[in-house]
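Letters A, B, ... mirror the listed sequences (proteins, then strands); counts begin at 1.
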Protein chains: 2
Amino acid sequence: MKHSIGEAARLSGVGIETIRYYEREGVVPPPLRTGSGRRVYDDDGVSQLRFIRRCRDLGFPIGEIRMLLSLATERQRACAEVRTISERHLESVRRKIRDLVELETALADLHGQCGDGRRDCPMLGRLFGE
Amino acid sequence: MKHSIGEAARLSGVGIETIRYYEREGVVPPPLRTGSGRRVYDDDGVSQLRFIRRCRDLGFPIGEIRMLLSLATERQRACAEVRTISERHLESVRRKIRDLVELETALADLHGQCGDGRRDCPMLGRLFGE
DNA sequence: TCTTGATCCTGTAGCCGCTACAGGATGCAT
DNA sequence: ATGCATCCTGTAGCGGCTACAGGATCAAGA
């Protein structure tokens, strides 16, 4: 089946402007065009877009999605390499979680010092002090 | 004491270019200048910069730092308002943590399906499928 | 056939919070 | 006088979109 960019967007869950952005950035190949210049996507194109959206939902950066996509479309589906990429990404997600949890602790600690008064906030004092 | 921008950067832990950026954006007021046009910071200016850096370390966005800073420099130190801002921020940090933990689960799950083989990666299959 | 409204096109600018230049002017020590 | 550090302004880039402006085209109804 052939689809307009709007249909492709609906089917894949990727916004129209974002699809064009991916094309500009070379994440997806440029699709065919109608005589009047409108983009035409086939089912494979839509699948690629859906794949990208799922990867983005998982927080993969564009560069790694590009790698995953080329592994996938070259039909190699090289598991070991996918494993490496997803492992690296998983590690970065876990690092972010650790950082945020640390931050949460510090923030909750500071926040806890705030009373209900209207002056001389201890949190501001701590942030300004030294 | 008076300080050059370089000294202010060292003392506050904020980069030189970042200080100028904060000035452009109106986060800090423009400092005095020497005859030849170089910026001069006093200790209060350095304290403000340090305050901003600490807030940034805590993940506060610039807009909220602006509010905190005005609360602080107006000498009102209104604790209740600081509480509101930090509460909102804390909530957004916690939301981020929840999102990331969810993401981590999904990712680890997918990642766990990858074997050591070189073809037909189940993770790619899942990402492409429908 | 005409008109309306939806959809599409390109190109550009903005978001956040910096960071990294380029290209030039000072300041300070020797 | 020389040389190097530091400073200045202005601009562009990062990632990953998003939001226009201003125009072309399409499909459906009257």
Checklist entry - Which part of the nucleic acid does Arg20(A) contact within heavy-atom distance under 4.0 Å: base, sugar-phosphate only, or nothing? => result base
Checklist entry - Think Ser4(A) has a side-chain N or O under 4.0 angstrom from the OP1 or OP2 of dC8(C)? => result yes
Next on the checklist: For the CZ atom of Arg94(A) and the CD atom of Glu104(B), what is their distance to the nearest 0.5 Å?
Outcome noted: 4.5 Å
Next on the checklist: Please tell me if Ser36(B) has a side-chain N or O lying less than 4.0 Å from either OP1 or OP2 of dA25(C).
Outcome noted: no
Checklist entry - In whole angstrom, what separates Arg53(A)'s CZ from dC17(D)'s C1'? => result 16 Å
Item to check | Between C1' of dC15(C) and CD of Glu25(B), the distance in whole Å | outcome: 11 Å
Checklist entry - To the nearest Å, how far apart are Tyr41(B) OH and dT6(D) P? => result 16 Å
Checklist entry - Between dT10(C), dC7(D), dA20(C), which nucleotide has the shortest distance from any of its atoms to the side chain of Arg39(A)? => result dT10(C)
Checklist entry - Does Tyr22(A) place a side-chain N or O at less than 4.0 Å from the phosphate oxygens OP1/OP2 of dC17(D)? => result yes
Item to check | Nearest-angstrom distance from the residue atom CD of Glu23(A) to P of dC8(C) | outcome: 14 Å
Checklist entry - In terms of the nearest nucleotide of DNA chain D, which residue is placed more toward the 5' end: Arg38(B) or Gly63(A)? => result Arg38(B)
Next on the checklist: If I take atom CD1 in residue Ile65(A) and atom P in nucleotide dC17(D), what distance separates them, rounded to the nearest angstrom?
Outcome noted: 8 Å
Next on the checklist: Please determine whether a side-chain nitrogen of the Lys or Arg among Arg95(A) and Asp99(A) lies less than 4.0 Å from a carboxylate oxygen of the Asp or Glu.
Outcome noted: no
Checklist entry - Do the charged groups of Glu91(A) and Arg98(A) touch, with an N to O distance under 4.0 Å? => result yes
Item to check | Candidate nucleotides dC17(D), dC7(D), dC20(D), ranked by approach to the side chain of Ile5(B) - the nearest | outcome: dC7(D)
Checklist outcome for this item: By nearest-nucleotide position on DNA chain C, the 5'-leaning member of Gly37(A) and Arg24(A) is Gly37(A)
Item to check | Atom-to-atom span, CZ of Arg33(B) to P of dT26(C) - whole angstrom | outcome: 13 Å
Item to check | OP1 or OP2 of dT18(D) under 4.0 Å from side-chain N/O of Thr18(A) | outcome: yes
Checklist entry - What distance do Leu69(A) atom CG and Cys55(A) atom SG have between them, rounded to the nearest 0.5 Å? => result 7.5 Å
Checklist outcome for this item: Residue pair Gly15(A)/Thr34(A) against DNA chain D: nearer the 5' end by closest nucleotide is Gly15(A)
Checklist entry - Over how many whole Å does the gap from Tyr21(B) atom OH to dT19(C) atom C1' extend? => result 11 Å
Item to check | Protein-nucleotide distance (Ile62(A), atom CD1; dC14(D), atom P), rounded to Å | outcome: 14 Å
Item to check | Between CD1 on residue Ile5(B) and CZ on residue Arg10(B), distance to nearest 0.5 Å | outcome: 11.5 Å
Checklist entry - Which part of the nucleic acid does Phe60(A) contact within heavy-atom distance under 4.0 Å: base, sugar-phosphate only, or nothing? => result nothing
